[in-house]
Number of protein chains: 2
Amino acid sequence: MSATYRDVKADILDKITRGTWAPGSLVPSEVDLAETYGCARATVNRAMRELVEDGIIERRRKAGTRVRMAPVRQARFAIPIVRKEIEDQGAAYRYALVSRAVATAPDWLRARLNLAGGGQVLHLTCMHYADGIPYQFEDRWINLAVLPQAREADFAQTGPNEWLVAEIPFSDAEISFLAVSADAGLAAHLGCAPGDALFQTERITWWQGAANTFVRLTYRRGHRMTARY
Amino acid sequence: MSATYRDVKADILDKITRGTWAPGSLVPSEVDLAETYGCARATVNRAMRELVEDGIIERRRKAGTRVRMAPVRQARFAIPIVRKEIEDQGAAYRYALVSRAVATAPDWLRARLNLAGGGQVLHLTCMHYADGIPYQFEDRWINLAVLPQAREADFAQTGPNEWLVAEIPFSDAEISFLAVSADAGLAAHLGCAPGDALFQTERITWWQGAANTFVRLTYRRGHRMTARY
DNA sequence: TTCGTCGTTACATCTATACATAAGAGTTTT
DNA sequence: AAAACTCTTATGTATAGATGTAACGACGAA
């Protein structure tokens with residue numbers, strides 16, 4: 001008979017979406033709500049914490065809880081491994097290494113990764129195909145100071161993405177989404193015309209404070225990234 | 001002296017990132033962990049729940065908790081109101097209504113919004129400027145069956161985004177990110193050359209089951225959307 | 001061998017209670 | 001009046017204890 005935290009959350013959300021509790025207004029205190037729902041304060045607390053997480057309400061000690069004025073809408077995008085992304089679409093995945101070179105990090109990369117001068121990096125470019133059709137072009141730079149074992153790794157069969165996932169399980173990352181115009185190289189690799197608008201993501205990942213890789217992924221023409229929230 | 005849920009979470013995360021607990025391996029049970037950390041099981045539970053939320057571990061009743069094989073990397077993007085986005089960059093915001101028309105929903109829109117035939121929609125196009133420079137072009141369609149009051153609203157001063165936020169506090173949404181080539185109209189509005197690659201988002205929002213608006217936002221050249229995770 | 005029952009286990013959640021902490025409000029001091 | 005202080009309140013977090021529930025695995029029946 002007593003309300004679960006889901007019930008409480010749902011009811012509060014309902015009161016907010018229906019406008020019973022208007023944006024900016026003060027929500028009753030946890031103690032009051034616990035009484036009205038006939039449950040413990042901890043239960044109300046959990047419901048409220050999740051609503052904060054969802055960007056629906058704001059809470060401050062002593063000041064109380066209020067409905068957000070402008071809801072912070074936030075979308076969560078899953079960042080899958082390319083192979084999984086393609087196989088989940090029911091297509092056959094194929095990988096190909098395009099180029100591999102060890103070099104001194106160029107200035108722009110040193111700046112992005114915050115590297116010391118003279119740092120050696122492994123530069124890889126690869127292609128990912130779905131049912132034999134170009135799907136994504138990968139332009140990856142690996143910091144050899146952090147991952148010296150990358151020098152010996154064989155990227156002819158497995159993509160650097162999967163190698164990295166196995167090598168360093170978890171890391172911090174910064175990701176950007178942007179649009180670029182296809183240059184001659186991209187156009188050739190992705191089978192589109194030079195100048196076509198392409199969707200691109202850039203990602204820098206850190207591991208234990210040091211940047212370990214920079215990657216630029218360019219998708220084939222018409223790709224879109226979608227999320228519900 | 002006793003561990004907080006943050007301590008527990010941090011320590012578990014550390015064990016995982018350092019490889020002490022490898023991907024796929026079984027993590028000790030809540031009871032065991034509570035004992036080793038000298039805290040209550042609820043404390044361990046909260047730490048673990050957050051790690052699930054972060055995509056680090058997977059839990060199943062009876063089966064126990066294990067480190068995810070392929071971490072589900074997920075990025076959260078805040079979807080701000082344009083005005084806030086611009087003002088937060090320290091720039092002056094300016095809004096302008098470009099066009100306004102009531103029409104029967106075209107077929108492609110009916111399909112996207114799952115509208116009945118003959119549905120009336122309000123079609124608005126607007127511009128958002130940062131320090132007087134074109135920042136974003138907004139192409140919005142509002143379902144008048146759901147929001148009849150939009151017909152009377154004055155969008156000359158306030159953008160439809162802010163009007164909608166005030167009108168329907170919260171809603172479900174689907175958002176897509178993609179790249180488009182600037183056509184003549186976009187190029188003129190955003191001050192770029194036709195054919196330039198532009199970053200675009202499309203969003204459909206529902207309120208209580210019915211689609212209420214479709215919006216396409218095209219950003220000025222070079223825009224990027226960034227998130228850390 | 002295959003299938004269903006059932007016990008055990010590990011997570012999911014709730015309760016009641018306690019103390020910590022931040023911050024608004026009012027009060028005293030300088 | 002400004003600054004320092006205390007009081008009070010609402011949220012934040014921890015605890016022990018209990019019940020609910022899904023699922024693995026073993027055991028026994030068909």
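Throughout, a chain's letter reflects where its sequence line sits, starting with A, and its residues are numbered from 1. All values below were derived from every heavy atom in this structure, side-chain atoms included, with hydrogens, water molecules and symmetry-related copies excluded. This structure is a prediction, so every number in the text was calculated from the model and none was measured.
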Under 3.5 Å between N/O atoms: give me all the protein pairs with nucleotides 10-12 of chain D, atom names plus distance.
{"residue": "D:dT11", "atom": "OP1", "partner": "A:Thr65", "partner atom": "OG1", "Å": "3.1"}
{"residue": "D:dT11", "atom": "OP2", "partner": "A:Glu30", "partner atom": "N", "Å": "2.9"}
{"residue": "D:dT11", "atom": "O2", "partner": "A:Arg61", "partner atom": "NE", "Å": "3.4"}
{"residue": "D:dG12", "atom": "OP2", "partner": "A:Arg59", "partner atom": "NH1", "Å": "2.7"}
{"residue": "D:dG12", "atom": "O4'", "partner": "A:Arg61", "partner atom": "NE", "Å": "3.2"}
{"residue": "D:dG12", "atom": "O4'", "partner": "A:Arg61", "partner atom": "NH2", "Å": "2.6"}
{"residue": "D:dG12", "atom": "O6", "partner": "A:Arg41", "partner atom": "NH2", "Å": "2.7"}

message: For a quick test of reading the model, state the closest non-hydrogen atom pair linking B:Tyr95 to B:Pro160 and the distance between them.
response: OH-CD, 3.7 Å

task: Could you tell me the separation between the CD atom of B:Glu35 and the P atom of D:dT15, rounded to a whole number of Å?
output: 14 Å

message: If I take atom CD in residue A:Glu58 and atom C1' in nucleotide C:dA23, what distance separates them, rounded to the nearest angstrom?
response: 16 Å

task: Can you tell me the distance, in whole Å, between the CG atom of A:Leu33 and the P atom of C:dT15?
output: 14 Å

- prompt: Should the pair B:Arg228-A:Glu174 be classified as a salt bridge under the 4.0 Å nitrogen-to-oxygen rule?
  reply: yes

message: Main chain of A:Gly24, side chain of A:Arg66: is a donor-acceptor contact present, judged purely on distance under 3.5 Å?
response: yes

Distance in angstrom units between B:Lys9 NZ and D:dT13 C1', rounded: 15 Å

task: Tell me, please, which residues at least two apart from B:Phe177 pass ring pair (Phe, Tyr, Trp, His ring centres under 6.0 Å).
output: A:Phe77, A:Phe177, B:Phe77, B:Phe199

- prompt: Is the shortest distance from a Lys or Arg side-chain nitrogen in A:Glu53 or A:Arg49 to a carboxylate oxygen in the other one below 4.0 Å?
  reply: no

query: What pairs with A:Trp163 under ring pair (Phe, Tyr, Trp, His ring centres under 6.0 Å), at least two apart in sequence or on another chain?
result: A:Phe155

Hey, can you pull the donor-acceptor pairs under 3.5 Å for the side chains in residues 209-219 of chain A, sequence neighbours left out?
{"residue": "A:Asn212", "atom": "OD1", "partner": "A:Thr205", "partner atom": "OG1", "Å": "2.8"}
{"residue": "A:Thr213", "atom": "OG1", "partner": "A:Arg140", "partner atom": "NH1", "Å": "3.1"}
{"residue": "A:Arg216", "atom": "NH1", "partner": "A:Glu202", "partner atom": "OE2", "Å": "2.7"}
{"residue": "A:Thr218", "atom": "OG1", "partner": "A:Gln200", "partner atom": "NE2", "Å": "2.9"}
{"residue": "A:Tyr219", "atom": "OH", "partner": "A:Gln136", "partner atom": "NE2", "Å": "3.1"}

task: For residues 44-70 of chain A, pull every pair meeting ring pair (Phe, Tyr, Trp, His ring centres under 6.0 Å), keeping only residues two or more places apart or in separate chains.
output: none

message: If the helix axis at each end comes from five base pairs, how far does the helix from C:dT1-D:dA30 to C:dT30-D:dA1 deviate from straight, to 10°?
response: 10°

